[in-house]
Amino acid sequence: MAKMTLEELRALRDSKRQDLARRDVEGKEIQIIVGMGTCGIAAGAKLTFDAIVEAVQRHGLEDKVVIRQTGCMGLCYVEPTVEVVMPGMPTVIYGKMTQDIADKFVRKHLVEHSLLDNHIFDRPAADIIKK
Amino acid sequence: MHFAVTDFLLDIVQNSCEAGASLIQINIEETETSIAIKVTDNGKGMDETELNKALDPFYTDGVKHPSRKVGLGLPFLKQATEQSNGRFEIRSEKGKGTEVFFQFFKNEIDTPPVGDIPGALISVLCMPGDHEMLISREKREAGIRYELSRQELSGILGSFERMDSLILLRDFVRSQEEQD
């Protein structure tokens with residue numbers, strides 16, 4: 001891969017955006033939030049983040065997904081943690097989400113709309129939730 | 001706790017974001033023997049007392065996590081540089097901003113691995129906020145040299161939170177690691 005210029009980036013964006021404009025994504029947004037505090041990063045959250053991006057791309061869902069990094073969700077013992085908010089599914093925080101789980105996670109939760117067994121850790125610890 | 005040099009970088013830039021900076025500058029100069037990183041922001045800054053406290057692992061302002069009693073970002077970095085004979089400097093002025101400089105020498109046994117620099121740059125660019133971030137990265141021997149402006153990139157790509165934008169951002173930043 002050669003060094004991309006800003007002009008090439010702009011051209012690439014234009015061609016992608018035209019593809020996207022044809023699809024209807026209104027109100028179907030999926031939010032994925034990856035815990036990237038010190039605990040998360042130590043457990044490999046960066047690798048998980050990259051693997052999720054690749055898996056979403058592989059499943060052709062990049063126009064429907066918003067991905068964010070956040071700090072520690074208070075579940076340091078099951079890092080890396082990933083929260084998913086999407087229409088038609090309960091909001092879930094998954095734990096122990098190492099990079100090798102990323103593809104299974106995207107397939108199960110985002111594509112097949114079923115929960116990922118053995119990784120569900122409900123909600124953030126009490127001291128993290130805003131009162 | 002932190003594994004790579006890039007993990008420290010993420011922590012330090014996060015501080016700048018949380019200090020309400022509108023401009024964050026990151027300079028990364030890598031050679032075969034060392035990696036030197038400078039992070040400068042125009043955030044709220046600290047006076048001398050606050051600065052000393054910030055280097056104490058058992059001090060936190062309690063804003064981010066009200067019930068925690070530790071603040072480990074800067075102390076971890078200071079410790080890592082000290083134990084590997086690296087350099088660590090911090091300057092701050094109340095109301096003006098903060099500058100953190102650190103350097104690790106690759107021949108020291110206790111120096112952490114460098115880590116994934118372009119990956120870390122993508123992460124810091126994605127940190128939320130309206131700030132401008134100017135990044136310059138140089139690895140002379142490998143012929144790598146580039147500059148990134150967050151506002152310029154978001155002007156082209158829109159919000160980096162959108163997965164399609166993020167993928168383009170990733171490909172763009174990764175491609176900059178190619179030789180000129």
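Side-chain atoms are counted along with the backbone in the values below, which use heavy atoms only and exclude waters and symmetry mates. Lettering follows sequence order; numbering is per chain, from 1. Just so it is clear, the structure is predicted and the values come from calculations on it, not from any experiment.
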Is it the side chain or the backbone of Ile67(A) that comes within 4.5 Å of chain B heavy atoms, both, or neither? both
Test side-chain hydrogen bond (donor to acceptor under 3.5 Å, both in side chains) on Gln83(B) and Asp110(B) and set out the steps. CA-CA 7 Å; Gln83(B) 74 184 12; Asp110(B) 289 317; 5.5 Å; no
Could you see if Met36(A) belongs to whatever hydrophobic cluster contains Leu47(A)? Use Ile, Leu, Val, Met, Phe, Trp, Tyr and a side-chain cutoff under 4.5 Å. no
As a quick check of understanding, evaluate side-chain hydrogen bond (donor to acceptor under 3.5 Å, both in side chains) for Ser149(B) and Gln151(B), giving each step before the final call. CA-CA 6 Å; Ser149(B) 153; Gln151(B) 277 173 4; 5.8 Å; no
Nearest 0.5 angstrom please: Phe121(A) CZ to Met73(A) CE, how far? 12.5 Å
Whether the side chain of Lys53(B) engages the backbone of Phe58(B) through a donor-acceptor N/O pair (distance < 3.5 Å, no angle test) should be reported. no
Under 3.5 Å side-chain donor-acceptor pair for Asn27(B) and Ser136(B): yes
For chain B, which candidate among Ile32(A), Thr5(A), Ile41(A), Val53(A) shows the most heavy-atom pairs at distances under 4.5 Å? Val53(A)
Val56(A) versus chain B, heavy atoms under 4.5 Å apart: side chain, backbone, both or neither? side chain
Residues of residues 119-127 of chain B with a heavy atom under 4.5 Å from any heavy atom of chain A, in residue-number order, are Gly119(B), Ala120(B), Ser123(B), Cys126(B), Met127(B)
Enter the distance from Leu9(A):CG to Met4(A):CE here, rounded to the nearest 0.5 Å. 6.0 Å
Salt bridge (charged side-chain N to carboxylate O under 4.0 Å, His left out), paired with Arg140(B), selected from Glu29(B), Glu32(B), Glu30(B): Glu29(B)
With hydrophobic residues grouped by side-chain heavy-atom distances under 4.5 Å, do Met86(A) and Ile52(A) end up in a single group? yes
Between Leu166(B) and chain A, which part of the residue has a heavy atom less than 4.5 Å away: side chain, backbone, both or neither? side chain
Please classify the contact between Leu6(A) and chain B as side chain, backbone, both or neither, with a heavy-atom cut-off of under 4.5 Å. both
Between Thr70(A) and chain B, which part of the residue has a heavy atom less than 4.5 Å away: side chain, backbone, both or neither? neither
Using links of under 4.5 Å between side-chain heavy atoms of ILVMFWY residues, direct or through other members, which residues join Leu23(B) in one cluster? Leu134(B)
Only heavy atoms, only distances under 4.5 angstrom. Which residues in residues 8-22 of chain B are near chain A? Leu10(B), Asp11(B)
Quick one: what part of Glu177(B) sits under 4.5 Å from any heavy atom of chain A, side chain, backbone, both or neither? neither
Given the options Gln31(A), Glu54(A), Lys46(A), which has more heavy-atom pairs under 4.5 Å with chain B than any of the others? Lys46(A)
Test log, rule side-chain hydrogen bond (donor to acceptor under 3.5 Å, both in side chains), inputs Gln103(B) and Ser34(B): CA-CA 7 Å; Gln103(B) 183 172 24; Ser34(B) 95; 3.0 Å; yes
Between Ile28(B) and Ile26(B), does a side-chain contact (heavy atoms from CB on, under 4.5 Å) hold up when you go through it step by step? CA-CA 7 Å; Ile28(B) 306 174; Ile26(B) 305 169; 4.0 Å; yes
Report the residues that fulfil ring pair (Phe, Tyr, Trp, His ring centres under 6.0 Å) with Phe105(A), sequence neighbours left out, ordered by chain and then residue number. Tyr94(A)
